[in-house]
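Residues take their numbers from the sequence shown, with the count starting at 1. Both backbone and side-chain heavy atoms feed into the values below; hydrogens, waters and symmetry mates do not.
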Amino acid sequence: MKVIIVGGVAGGASAATRLRRLSEETEILILEKGPHISFSNCSLPYYVGGVVPKAEQLLAQSPQSFKERYNIEVRVEHEVLRVDPKNHTLEVKDLHSGETYVEKYDKLLLAPGAQPVYPASWPRDEERIFTLRTVQDALRIRQEIVAKKAKRAVIVGGGAIGLEMAENLSKLGLQVTVVEMADHLVAALDYDLACEVRAYAQRLGIEILLGQGVEELRVEAGQVKVKLPQERLLEADIVLLSLGVRPDTAWLKDSGLELNPRGAIITDSGMATSDPDILAVGDAVEIRDLLEGQATSIALAGLAHKEARVAADRLAGLDSRFQGAQGTAILKFGELTVASTGYNERQARAANLDYDKTYIYADAKVPIYPQASKMSVKVLWERSTQRLLGAQIVGYEGVDKRIDVLATALRFKTPITQLVQLELAYAPPFGTAKDVINYVGMVADNVTSGRLQQFFWDEVDALPRDGSCTLLDVRTLPERNYGYIEGFKHLPLDELRARAAQELPLDKPVYVHCQSGLRSYLACAILRGLGYKAWSLAGGYRLYHLTKG
């Protein structure tokens with residue numbers, strides 16, 4: 001059997017080597033239109049910033065090593081122009097010689113990846129306006145910064161690549177502005193947790209412009225002019241476009257393969273396309289999400305490798321199935337770590353799920369240990385089943401292991417309240433005896449059992465200030481002097497028992513906040529014991545204040 005794989009980066013290369021391990025007899029040919037295979041896309045920003053010092057370190061394999069170790073033929077700079085499923089042939093162009101030829105296959109695996117979004121009306125200036133997808137892109141950006149002694153950069157798009165590049169360009173000494181059309185950075189996050197990322201970016205000296213769509217790009221006198229609404233004009237030595245990606249599948253339009261409206265190749269759980277002899281994996285495919293089985297496309301290297309394993313198994317005759325994607329992702333931004341898994345609130349609402357949520361602001365390790373820090377955690381769960389729907393974490397250390405625990409719990413449908421029982425590794429340098437994950441379960445258990453009633457940051461301003469309810473701030477006086485919410489009476493937690501009966505009407509509901517949510521929960525427990533009905537502000541004043549920034 002002859003298997004041709006179109007695309008030799010994450011999905012294509014991984015499928016090829018897996019298939020070889022399963023079958024020594026199969027003839028395997030990889031056709032890659034770029035000059036490199038099996039390179040580390042995710043490391044490209046760190047080469048630009050000098051964290052990865054040499055470009056060759058980005059390359060995991062070469063055509064020669066593939067041939068020597070795996071007996072797999074790789075042809076780089078060979079672009080597939082057309083697929084003819086009926087005759088099982090490909091029209092291929094050798095980009096080096098310019099010649100075209102026909103290659104026949106028994107089975108075909110498509111792994112063409114995705115290409116950066118680049119509005120057609122914007123100029124293409126390879127010395128000043130960049131996208132970042134390939135090693136060549138990273139080389140050009142680095143060379144331009146050095147050769148032209150670039151001082152100022154504008155990044156259009158505040159997703160993962162945009163922020164990683166913002167960090168690395170800032171470290172090189174450039175003044176950086178990030179322009180984002182949405183109202184928050186990092187689309188996988190909800191607005192509230194994304195406010196932490198924005199605040200941190202500003203502390204780094206990176207200018208963040210939210211709700212700003214770029215109206216025009218033009219190149220004048222060696223600089224790029226970036227026109228924003230209200231006639232605001234930014235000037236930059238270089239501009240990086242980080243507007244997301246679209247499937248690189250325009251060349252498949254006449255193939256007869258079923259594509260979705262965005263051009264993604266529709267696949268089943270065995271990674272098969274609408275043609276039984278053609279499979280597809282990676283950033284160019286439509287798959288199903290894990291939670292509700294909805295169609296989705298997620299451009300993540302980890303998913304490409306998992307899909308590739310399934311596809312290789314199927315080509316070798318094994319009954320392997322892709323079980324769905326949950327979109328677990330993590331981002332390093334300066335000293336900050338940002339991670340998410342599963343649905344955010346926008347996605348949960350779109351799926352018509354009846355969900356609840358809460359926030360944790362907790363220690364990443366024992367507070368007295370040197371350089372201890374805290375992390376913000378937001379979790380969503382389905383009310384009827386208590387299954388975990390999604391989680392987002394922003395913090396400085398230990399974020400990776402916590403998001404991985406939550407991602408595992410989500411995949412195996414662990415009820416959120418069962419997180420209380422997880423026995424996780426503890427020592428002061430690594431965590432607390434009651435881990436952040438345990439606290440997530442404890443809070444959810446309090447909410448689902450009715451022991452804790454919550455209200456949220458976006459409901460605060462609408463609470464009546466007419467005396468029909470009691471609004472209570474239980475922080476210390478120094479904390480209140482730092483800032484407060486208008487209309488909330490100050491009554492420190494440690495004085496609550498002694499003063500409640502005299503100062504708080506028993507027949508009115510009480511809405512309580514503290515700094516992060518813990519003391520307001522304690523206050524609500526006290527008030528319930530005294531006969532009051534009380535609600536706690538999830539995330540506390542800290543989160544509310546961040547959302548107003």
Asker: Under a 3.5 Å distance rule, please check whether Ser23 uses its side chain to pair with a backbone N or O of Thr26 as donor and acceptor.
Answerer: yes
Asker: Where the side chain of Asp237 meets the backbone of Arg152, is there a donor-acceptor pair that is under 3.5 Å apart?
Answerer: yes
Asker: What are the two closest heavy atoms between Asn438 and Leu419, and how far apart are they?
Answerer: ND2-O, 3.0 Å
Asker: Closest approach of Asn344 and Ala188, non-hydrogen atoms and distance?
Answerer: ND2-O, 3.2 Å
Asker: For a salt bridge (charged side-chain N to carboxylate O under 4.0 Å, His left out) check, start with the C-alpha distance between Arg128 and Asp125, then their side-chain angles and the critical distance, and finish with the verdict.
Answerer: CA-CA 6 Å; Arg128 298 169 183 85; Asp125 186 316; 3.0 Å; yes
Asker: Does Gln57 have more than 12 heavy atoms from other residues, nucleotides or ligands lying within 6.0 Å of its CD?
Answerer: yes
Asker: Is there a side chain to side chain contact (heavy atoms under 4.5 Å, CB included) between Leu189 and Val197 once you walk through the steps?
Answerer: CA-CA 10 Å; Leu189 298 183; Val197 184; 3.9 Å; yes
Asker: Decide side chain to side chain contact (heavy atoms under 4.5 Å, CB included) for Leu217 and Val226; before the verdict, give the C-alpha distance in whole Å, the side-chain angles of both, and the deciding distance to 0.1 Å.
Answerer: CA-CA 5 Å; Leu217 281 185; Val226 183; 3.5 Å; yes
Asker: Looking at CG of Leu204 and NZ of Lys171, how far apart are the two atoms once the value is rounded to the nearest 0.5 Å?
Answerer: 9.0 Å
Asker: Is it true that Lys33 and Asp248 make a salt bridge, defined as a side-chain N closer than 4.0 Å to a carboxylate O?
Answerer: yes
Asker: Is the charged tip of Arg140 near the ring of Phe130: under 6.0 Å from the six-membered ring centre and within 45° of its axis?
Answerer: no
Asker: Should the pair Asp404-Arg402 be classified as a salt bridge under the 4.0 Å nitrogen-to-oxygen rule?
Answerer: no
Asker: Just one of Ile278, Val80, Thr89 clears the side-chain contact (heavy atoms from CB on, under 4.5 Å) bar with Leu108, so which one?
Answerer: Ile278
Asker: In this structure, which one of Asp435, Thr358, Ile360 forms a side-chain contact (heavy atoms from CB on, under 4.5 Å) with Val440?
Answerer: Ile360
Asker: Using every non-hydrogen atom in the two residues, find where Thr341 and Ala407 come nearest and quote the distance to one decimal.
Answerer: OG1-CB, 3.6 Å
Asker: Find out whether Val3 and Met1 are in side-chain contact, i.e. whether some heavy atom of one side chain is under 4.5 Å from a heavy atom of the other.
Answerer: yes
Asker: Do any pairs count as a salt bridge (Lys or Arg N to Asp or Glu O under 4.0 Å) and have a residue in residues 335-356, sequence neighbours left out, and if so which ones?
Answerer: Glu345-Arg349, Glu345-Lys357, Glu345-Lys378, Asp354-Arg383, Asp356-Arg383
Asker: Measure from the side-chain N and O atoms of Gln392 to the backbone N and O of Asp190, and report whether any donor-acceptor pair falls under 3.5 Å.
Answerer: yes
Asker: Does atom CZ of Phe430 have more than 12 heavy-atom neighbours from other groups under 6.0 Å away?
Answerer: no
Asker: So, using side chain to side chain contact (heavy atoms under 4.5 Å, CB included) as the criterion, who are the partners of Lys148 when residues are at least two apart?
Answerer: Glu127, Glu144
Asker: Which residues pass the side chain to side chain donor-acceptor pair (under 3.5 Å) test with Lys413, not counting sequence neighbours?
Answerer: none
Asker: Using the side chain to side chain donor-acceptor pair (under 3.5 Å) criterion, which residues pair with Arg75? Sequence neighbours excluded.
Answerer: Glu73, Tyr101, Glu103
Asker: Is any side-chain heavy atom of Val102 closer than 4.5 Å to a side-chain heavy atom of Leu90?
Answerer: no
Asker: Check the pair Lys253 / Glu258 against salt bridge (charged side-chain N to carboxylate O under 4.0 Å, His left out), numbers first and verdict last.
Answerer: CA-CA 9 Å; Lys253 64 180 180 179; Glu258 189 176 359; over 6 Å; no
Asker: What orientation do His36 and Phe39 show, parallel under 30°, tilted 30 to 60°, or perpendicular over 60°?
Answerer: perpendicular
Asker: Classify the side-chain pair Asn168/Tyr47 by whether it contains a donor and acceptor separated by less than 3.5 Å.
Answerer: no
Asker: Using the side chain to side chain contact (heavy atoms under 4.5 Å, CB included) rule, take Asp183 and Leu210 through it: C-alpha gap first, then chi angles, then the decisive distance, then the call.
Answerer: CA-CA 5 Å; Asp183 64 356; Leu210 298 173; 5.6 Å; no
Asker: Decide yes or no on salt bridge (charged side-chain N to carboxylate O under 4.0 Å, His left out) for Asp268 and Arg321, but give the supporting numbers first.
Answerer: CA-CA 9 Å; Asp268 64 15; Arg321 301 279 175 177; 5.2 Å; no
Asker: Using only atom types and a distance under 3.5 Å, with no angle test, would you say the side chain of Ser62 pairs donor to acceptor with the backbone of Ser65?
Answerer: yes
Asker: Which heavy-atom pair separates Gln115 from Pro247 by the least distance, and what is that distance?
Answerer: NE2-O, 4.4 Å
Asker: Using every non-hydrogen atom in the two residues, find where Leu185 and Glu180 come nearest and quote the distance to one decimal.
Answerer: CD2-CB, 4.4 Å
Asker: Tell me yes or no: between the side chains of Arg69 and Thr17, is some donor less than 3.5 Å from an acceptor?
Answerer: no
Asker: Is the number of heavy atoms from other residues, nucleotides or ligands within 6.0 Å of CE (Met181) greater than 12?
Answerer: no
Asker: Where the side chain of Glu292 meets the backbone of Gln294, is there a donor-acceptor pair that is under 3.5 Å apart?
Answerer: no
Asker: Before giving the answer on side chain to side chain contact (heavy atoms under 4.5 Å, CB included), spell out for Leu132 and Ile141 the whole-Å C-alpha distance, their side-chain angles and the decisive distance to 0.1 Å.
Answerer: CA-CA 9 Å; Leu132 183 61; Ile141 295 170; 4.1 Å; yes
Asker: Side chains of Ser170 and Glu167 only: does a donor on one sit below 3.5 Å from an acceptor on the other?
Answerer: no
Asker: Distance-only, no hydrogens or angles: does the His78 side chain make a donor-acceptor pair with backbone N or O of Val92 under 3.5 Å?
Answerer: no
Asker: Measuring from atom CG of Leu291 to atom CG of Leu353, what distance do you get when rounded to the nearest 0.5 angstrom?
Answerer: 8.0 Å
Asker: Any side-chain to backbone donor/acceptor pair from Ser14 onto Gly11? Under 3.5 Å, distance only.
Answerer: no
Asker: For Lys93, is the NZ atom crowded, meaning more than 12 foreign heavy atoms sit under 6.0 Å from it?
Answerer: no
Asker: Which residue pairs pass the salt bridge (Lys or Arg N to Asp or Glu O under 4.0 Å) test when at least one of the two sits in residues 77-88, sequence neighbours left out?
Answerer: none
Asker: Salt bridge (Lys or Arg N to Asp or Glu O under 4.0 Å): which pairs involve residues 274-289, sequence neighbours left out?
Answerer: Lys107-Asp277
Asker: So, Arg133 side chain and Val245 main chain: donor-acceptor pair closer than 3.5 Å or not?
Answerer: no
Asker: Using only heavy-atom distances, determine whether the side chains of Thr417 and Gln386 contain a donor-acceptor pair under 3.5 Å.
Answerer: yes
Asker: Test your reading of the model: is there a side-chain donor-acceptor pair from Tyr359 to the backbone of Leu193, 3.5 Å cut-off?
Answerer: no
Asker: Take atom CD of Glu423 as the centre, draw a 6.0 Å sphere, and report whether it contains more than 12 heavy atoms from other residues, nucleotides or ligands.
Answerer: no
Asker: Working to the nearest 0.5 Å, report the span between CD of Glu164 and CZ of Phe333.
Answerer: 10.0 Å
Asker: Whether the Gln418 and Thr414 side chains hold a donor-acceptor pair (N or O, under 3.5 Å, no angle test) is what I'd like checked.
Answerer: no
Asker: Give a yes or no on whether a salt bridge exists between Glu307 and Arg309, defined as a side-chain N under 4.0 angstrom from a carboxylate O.
Answerer: no
Asker: Is a donor on one side and an acceptor on the other found under 3.5 Å between the side chain of Ser297 and the backbone of Val285?
Answerer: yes
Asker: For Val399 and Ala339, which heavy atoms make the closest approach, and how far apart are they?
Answerer: CG1-CB, 3.7 Å
Asker: As an exercise, state the distance from CD1 of Ile393 to NZ of Lys401, rounded to the nearest 0.5 Å.
Answerer: 11.0 Å
